[in-house]
2 protein chains.
Amino acid sequence: MKYCSIGEAASKLNIPESTIRYYEKKGLLPLMERDGAGRRLFSEDQMALLETVMRLKNTLMPISKIKQYVDWVIEGSSTNDRRLDMMTKHKQAVLAQIALMTESLIGIDVKIARYTKRKHEEKEGLE
Amino acid sequence: MKYCSIGEAASKLNIPESTIRYYEKKGLLPLMERDGAGRRLFSEDQMALLETVMRLKNTLMPISKIKQYVDWVIEGSSTNDRRLDMMTKHKQAVLAQIALMTESLIGIDVKIARYTKRKHEEKEGLE
DNA sequence: ATACGACTTAAACCTTGGTTCAAGTCAACA
DNA sequence: TGTTGACTTGAACCAAGGTTTAAGTCGTAT
């Protein structure tokens, strides 16, 4: 088992160290190990958890909900069904968000087309 | 030309009236017309602008940037190229965001599969 | 020995994106 | 006439998600 420092963890996942400390304070990274000088040691399991946290964050899950998930992970296998339920619902929410963005992009594309046309035709128009 | 009230605008776009007032205060809805009693009147052009604002918001553009866009719309056709540039870059950013979410979803799907398996097999395991 | 870089903490600070509140105006209806 | 309902305002309030700061501790390279 290899351990890494907060600096290594931060640059691997391309996030500020301050964010990792903030996440730990918020309870998203429980049971962190430390070396003799009090520095955080990230085991491979902790790195995997941090990656999971980042995946949830990247899909716009709020911190409070990520914390609920992590709490269930710590609580153990009795929470398996609740985690399954949360992840399933979250997936649906993410798909809905992607659908919303995709549809909104269509309207944006219309503008891009219009602006492009005007650019080449030297036309005018509102918006 | 039909006009609609803030209440009608809000329920058409399914957002709170308070949000529309907030957007106006932030400069996202300039040149708003009013009736004799000071109530906002949304023309079809204003509704179209509000819809554009909502599309940008739905694709996670910050208020400050939406305001820049609206300012350019008001400034007129001399800003056509800047608007084209902004929308083109925004589209790329949105596609990147969708890609990030889609990729993160893969990791989430792995968990869903694992939790589903455990549910039926009564297995144990961390995370 | 000392100075540097990487780390630690708690607390203060910040921006974003609204929501809520209190007090008031107005039109229409009973 | 008075009382709803839909609107107005500015200011206060709020939560989320970090970031920054100040002061300190190590281990190592010079």
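Since the structure is predicted, the reported quantities are computational estimates derived from the model, not experimental observations. By convention in this document, chain letters (A, B, ...) are assigned in the order of the sequence lines, proteins followed by strands, and residues within each chain are numbered from 1.
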Fill in the blank from the handout: Letter by letter from the 5' end, nucleotides 6-20 of chain D scores (B base, S sugar-phosphate only, - none; protein heavy atoms under 4.0 Å) -SBB-------BBBB
Handout entry: Qualifying residue, where the test is side-chain hydrogen bond (donor to acceptor under 3.5 Å, both in side chains) with B:Arg40 and the options are B:Gln46, B:Glu17, B:Glu24
Key = B:Glu24
Problem - Atom pair distance, as rounded to whole Å: CG in A:Asp35 and P in C:dA6 - result: 15 Å
Practice task
Check the surroundings of atom CD in B:Glu103: do more than 12 heavy atoms from other residues, nucleotides or ligands lie under 6.0 Å from it?
Solution key: no
Exercise for the section: With sequence neighbours left out, write down each residue that passes salt bridge (charged side-chain N to carboxylate O under 4.0 Å, His left out) with B:Lys89, or none if nothing qualifies. Expected result: B:Asp85
Problem - Exceeds 12 heavy-atom contacts within 6.0 angstrom, atom CG of A:Asn14 - result: no
Handout entry: Atom-pair distance (CG on B:Leu56; C1' on C:dG17), nearest Å
Key = 16 Å
Exercise for the section: Write down the distance between NZ (B:Lys67) and P (C:dG17), rounded to a whole number of angstrom. Expected result: 14 Å
Problem - Set of salt bridge (charged side-chain N to carboxylate O under 4.0 Å, His left out) partners for A:Arg82, sequence neighbours left out - result: none
